[in-house]
Amino acid sequence: MKKGEIYEGVIEKVVFPNRGIVRVGEWKVVVKNGIPGQRVRFRIFKKREKRAEGILLEVTEKSPLEIREPVCSIFPACGGCMYQTMGYQAQLDMKEGQVRELLDGAVGKGEYIWDGIYGSPKEFRYRNKMEFSFGDACKDGPLTLGLHRKGSTYDILTAGDCKLVHEDFTVILNCVLDFFRSRGITSFYHKMRHTGYLRHLLLRRGAATGEILVHVVTTSQENHDLTELVEELLALPLEGRIVGVLHILNDSLSDVVRSDETRILYGQDYFYESLLGLTFKISTFSFFQPNSQAAEILYSRVREYVGDTRDKVVFDLYSGTGTIAQLVAPVAREVIGVEIVEEAVKAARENAAGNGLNNCRFIAGDVLKVLDELEEKPDVIILDPPRDGIHPKALPKILSYGVEDIVYISCKATSLARDLPAFLAAGYQLVRGCCVDQFCQGVHVETVVLMSHVSNEPCIK
C-alpha cells in the first residue's frame with residue numbers, strides 16, 4: 001500500500017466521532033465521513049505499520065442502514081450533516097456503541113451502570129445557533145453563504161434549505177445573501193490572503209421564546225451601509241421575532257467568529273430562552289447548549305446524577321451562562337460557577353438574579369487559576385469542559401479536593417475517556433453513565449457520567 005493509491009472496500013464500523021474502519025488485506029484504513037456498511041472508494045494519504053488513512057472519493061454502494069432519502073438539497077456534499085439518510089434509531093445505536101466502547105476501554109466492561117442513550121425530541125430543525133460562512137463553492141464562483149463542503153477548508157455551499165435549523169434561519173440566510181449579491185458586495189474573506197469583507201452570518205434563536213439575534217460578521221477592510229439590510233430583515237415573514245441585528249467587525253487572521261467591535265444596528269444584543277422553568281438571558285458569545293429541548297433532557301440527567309445537595313457547596317466548573325448552576329441551586333447551600341468568558345459570567349449573574357436565586361456566585365477566569373484563589377471547599381463538583389476536555393494542569397487541582405461525587409458532562413467522548421484514568425488513579429470509580437443526543441444527523445453526542453470516591457457511598461443507587 002502506497003500513498004496516492006486508490007482502493008475500494010466496505011466500512012465495517014465507525015468509531016467516535018466519524019472514523020470509518022475499512023479492511024484492505026492486513027491493512028486497517030481509517031476513512032472519515034462514511035456510514036457503516038457503505039462500499040467506498042478512497043485514496044491513501046497517510047500510512048504506517050499496517051495502518052493507513054484514506055480520503056473518501058465516492059460511495060459506490062449504499063449501506064443497508066440508509067433507509068431514507070436526503071431531506072436537504074446539498075447532502076451529502078455539505079459537511080453539516082453526516083447521517084441524515086440513516087434511520088434515527090440506527091444513529092442512536094451507533095453513537096451509544098461508540099461511547100460504550102470508549103468507556104469500557106477506559107474503566108473496564110461491566111464496571112458501571114449504563115442508563116442508555118436519550119434521543120432528541122426533535123430530529124430536525126433543532127439547532128438554536130448556527131454560524132454560516134461567506135465564500136464560494138468553487139474558485140472564482142458566485143458568492144455563497146452556508147456551510148463547508150465535506151472535507152474542504154475553503155469551499156462554502158449555500159445552505160438555503162438546511163434542515164438542522166428552524167425555518168426562520170433559512171429565510172434570514174437567503175435574505176442576507178440576496179442583499180449582498182444584488183448590490184455587488186461579493187468580497188468575502190480569503191483565509192490565505194487575509195483580504196476581503198464578508199465573513200460570517202451568526203444566528204441565534206430561543207426555541208421557547210422565538211426571539212432571534214442576527215449577527216453580520218465582516219472585516220473593516222470595506223465600509224457599507226447596512227441600513228437597508230436591517231429594513232429587509234425586519235420585513236421578513238418569520239414565525240419568531242428579530243430582537244436584535246448586530247454588525248460585528250472581526251479582523252482576526254484565524255477563521256473564528258470573534259468581535260473587535262460590535263455595532264447594534266437594531267434592538268438589543270441579547271435574547272431570552274426558557275429551560276426547565278427558568279429564564280436565561282443569552283448574548284452573542286454566551287455558551288448555551290445548541291439544542292434547547294435535548295438540553296432539558298441533558299440537565300435533568302445531570303440533576304439526577306448530582307443527587308441530594310442540601311447543605312452542600314457545589315462547584316460548577318466551565319459554567320457558561322450558569323444554566324446547570326441555576327438548576328442545581330434550589331437544592332444546594334451554595335453554587336460557585338467558574339467560566340473564562342466574561343460575557344457569559346455577566347449573563348449568568350443577571351440570569352440568577354432574574355430567577356430569584358441568591359445562592360449562586362459566578363467568577364470570571366480560567367479554572368486553572370481560579371481554583372488557586374478560592375477559599376471555599378466543594379462537596380460536589382460538576383464539570384462541563386470545552387470539547388478538548390479538562391486542561392491537564394487543572395485536573396490535579398480538581399482531584400485534590402477529594403469530593404464525594406463528580407459529574408462530568410462531555411461533548412467529546414474521546415476527551416472524557418482520556419481523562420478517566422486520572423480520576424481512577426485518584427480513588428474514584430465510574431458509577432453511572434448515559435448519552436443525550438443533541439446533534440441529530442451529526443457525529444457528536446453528549447455523555448454524562450457520575451464518579452464517586454471509592455471511600456464514600458455514591459449519592460444515588
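The analysis underlying the following values was restricted to heavy atoms, covering all of them including side chains, and did not include hydrogens, waters or symmetry mates.
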Spacing of OG belonging to Ser410 relative to CG belonging to Asp419, to within rounding of 0.5 Å: 8.0 Å
Can you tell me how far the NZ atom of Lys281 sits from the CG atom of Asn351, to the nearest 0.5 Å? 8.0 Å
Any pair counted as ring pair (Phe, Tyr, Trp, His ring centres under 6.0 Å), so long as it reaches residues 100-131, sequence neighbours left out: none
Parallel, tilted or perpendicular: which fits the ring planes of His444 and Phe16, with parallel below 30° and perpendicular above 60°? perpendicular
Give me each pair satisfying salt bridge (charged side-chain N to carboxylate O under 4.0 Å, His left out) with a member in residues 154-170, each pair once, sequence neighbours excluded. Arg125-Glu167, Arg149-Asp155, Asp161-Lys163, Asp168-Arg205
Thr209 side chain to Tyr272 backbone, donor-acceptor under 3.5 Å: yes
Close side-chain approach of Leu399 and Tyr428, heavy atoms under 4.5 Å: yes
Closest approach of Val403 and Asp379, non-hydrogen atoms and distance? CB-O, 3.4 Å
Okay, side chain of Glu339, backbone of Thr321: is any donor-acceptor separation there less than 3.5 Å? no
Residues two or more places apart in sequence or in another chain: which of them pass salt bridge (Lys or Arg N to Asp or Glu O under 4.0 Å) with Glu123? Arg68
Side chains of Leu177 and Thr158, heavy atoms from C-beta outward: is any pair under 4.5 Å? yes
Checking the side chain of Arg199 only, and the main-chain atoms of Val257 only, is there a donor and an acceptor separated by less than 3.5 Å? no
More than 12 foreign heavy atoms under 6.0 Å from CD of Glu58: is that the case here? yes
Hey, what do you get for CD1 (Ile212) to CD1 (Ile172), rounding to the nearest 0.5 Å? 4.5 Å
What one should report as the nearest heavy-atom pair of Ile248 and Arg258 is CG2-O, 3.5 Å
Using the side chain to side chain donor-acceptor pair (under 3.5 Å) rule, take Ser292 and Glu273 through it: C-alpha gap first, then chi angles, then the decisive distance, then the call. CA-CA 9 Å; Ser292 297; Glu273 177 65 304; 2.7 Å; yes
Can you list the residues that meet the side chain to side chain donor-acceptor pair (under 3.5 Å) rule with Ser120, with sequence neighbours excluded? Asn291
For Met130, the option from Leu147, Leu201, Thr170 that meets side-chain contact (heavy atoms from CB on, under 4.5 Å): Leu147
Measure from the side-chain N and O atoms of Glu239 to the backbone N and O of Gly210, and report whether any donor-acceptor pair falls under 3.5 Å. no
Would you name the heavy atoms of Ala394 and Val367 that are closest together and state the gap between them? CB-CG1, 4.4 Å
Is there a donor-acceptor contact under 3.5 Å from the side chain of Asn128 to the main chain of Gln289? yes
Please identify each residue that fulfils salt bridge (Lys or Arg N to Asp or Glu O under 4.0 Å) with Glu111, with sequence neighbours left out. none
Yes or no on side chain to side chain contact (heavy atoms under 4.5 Å, CB included) for Thr60 and Val40, after CA distance, side-chain angles and deciding distance? CA-CA 5 Å; Thr60 60; Val40 296; 5.9 Å; no
Any salt bridge (charged side-chain N to carboxylate O under 4.0 Å, His left out) involving residues 439-450? Give me the pairs, sequence neighbours left out, ordered by first then second residue. none
Quick check: does any side chain N or O of Asp405 sit under 3.5 Å from a backbone N or O of Ser452, one acting as donor and the other as acceptor? no
For a 4.5 angstrom cut-off between non-hydrogen side-chain atoms, does Phe169 reach Arg127? no
I would like to know whether Leu416 and Leu102 meet side chain to side chain contact (heavy atoms under 4.5 Å, CB included); could you show each step before the answer? CA-CA 9 Å; Leu416 170 61; Leu102 288 168; over 6 Å; no
Tell me the closest heavy-atom pair linking Ala159 and Phe132, and the distance in Å. CB-CE2, 4.1 Å
Answer whether the closest heavy-atom distance between the side chains of Lys2 and Ile44 falls below 4.5 Å. no
Does Arg43 come within less than 4.0 Å of Glu5, counting only side-chain N to carboxylate O? no
Which residue pairs satisfy the ring pair (Phe, Tyr, Trp, His ring centres under 6.0 Å) criterion with at least one member in residues 17-54, sequence neighbours excluded? none
Please, which pairs that meet salt bridge (charged side-chain N to carboxylate O under 4.0 Å, His left out) have at least one residue in residues 381-398, sequence neighbours excluded? Asp372-Lys397, Asp388-Lys412
Rounding to 0.5 Å, atoms CG (Asp178) and CG (Leu173) come to a distance of 9.0 Å
Could you tell me whether the side chain of Ile409 reaches within less than 4.5 Å of the side chain of Ile324, counting heavy atoms only? yes
Tell me, please, which residues at least two apart from Glu101 pass salt bridge (Lys or Arg N to Asp or Glu O under 4.0 Å). Lys13
Check whether any side-chain N or O of Asp115 sits under 3.5 Å from a backbone N or O of Arg432 as a donor-acceptor pair, and report yes or no. no
Pairs where residues 390-424 contributes a residue and the test ring pair (Phe, Tyr, Trp, His ring centres under 6.0 Å) is met, not counting sequence neighbours: Phe315-Tyr401
Do Val217 and Tyr189 pass the side chain to side chain contact (heavy atoms under 4.5 Å, CB included) test, and can you show the C-alpha distance, the side-chain angles, and the key distance before you say yes or no? CA-CA 10 Å; Val217 186; Tyr189 183 72; over 6 Å; no
Any side chain to side chain donor-acceptor pair (under 3.5 Å) pairs touching residues 325-336, not counting sequence neighbours? Gln326-Asn355
Lys346 NZ: over 12 foreign heavy atoms closer than 6.0 Å: no
Sidechain-backbone polar pair: Thr85 side chain, Glu69 backbone, donor-acceptor under 3.5 Å: no
For Asp366, the salt bridge (Lys or Arg N to Asp or Glu O under 4.0 Å) test, sequence neighbours excluded, returns none
Going from CD on Glu131 to CG on Asp255, what distance comes out if it is rounded to the nearest 0.5 angstrom? 9.0 Å
If we only count heavy atoms from C-beta on, is the Pro290 to Phe439 side-chain gap below 4.5 Å? yes
Is the shortest side-chain N to carboxylate O distance from Arg301 to Glu304 below 4.0 Å? yes
Identify the heavy atoms of Ala329 and Val335 that sit nearest to each other, and give their distance. CA-CG2, 3.8 Å
Expected output: side-chain Gln438 to main-chain Ala295 donor-acceptor under 3.5 Å: yes
Taking the side chain from Gln429 and the backbone from Val454, do they hold a donor-acceptor pair closer than 3.5 Å? no
For the CZ atom on Arg51, are there more than 12 heavy atoms of other groups (residues, nucleotides or ligands in this structure) within a distance under 6.0 Å? no
Please report the shortest heavy-atom distance between Ile11 and Gly20, naming the atom on each side. CG2-CA, 3.8 Å
To the nearest 0.5 Å, atom OG of Ser319 lies from atom CZ of Phe362 at 6.0 Å
Charged tip of Lys129 within 45° of Phe287 ring normal and under 6.0 Å: no
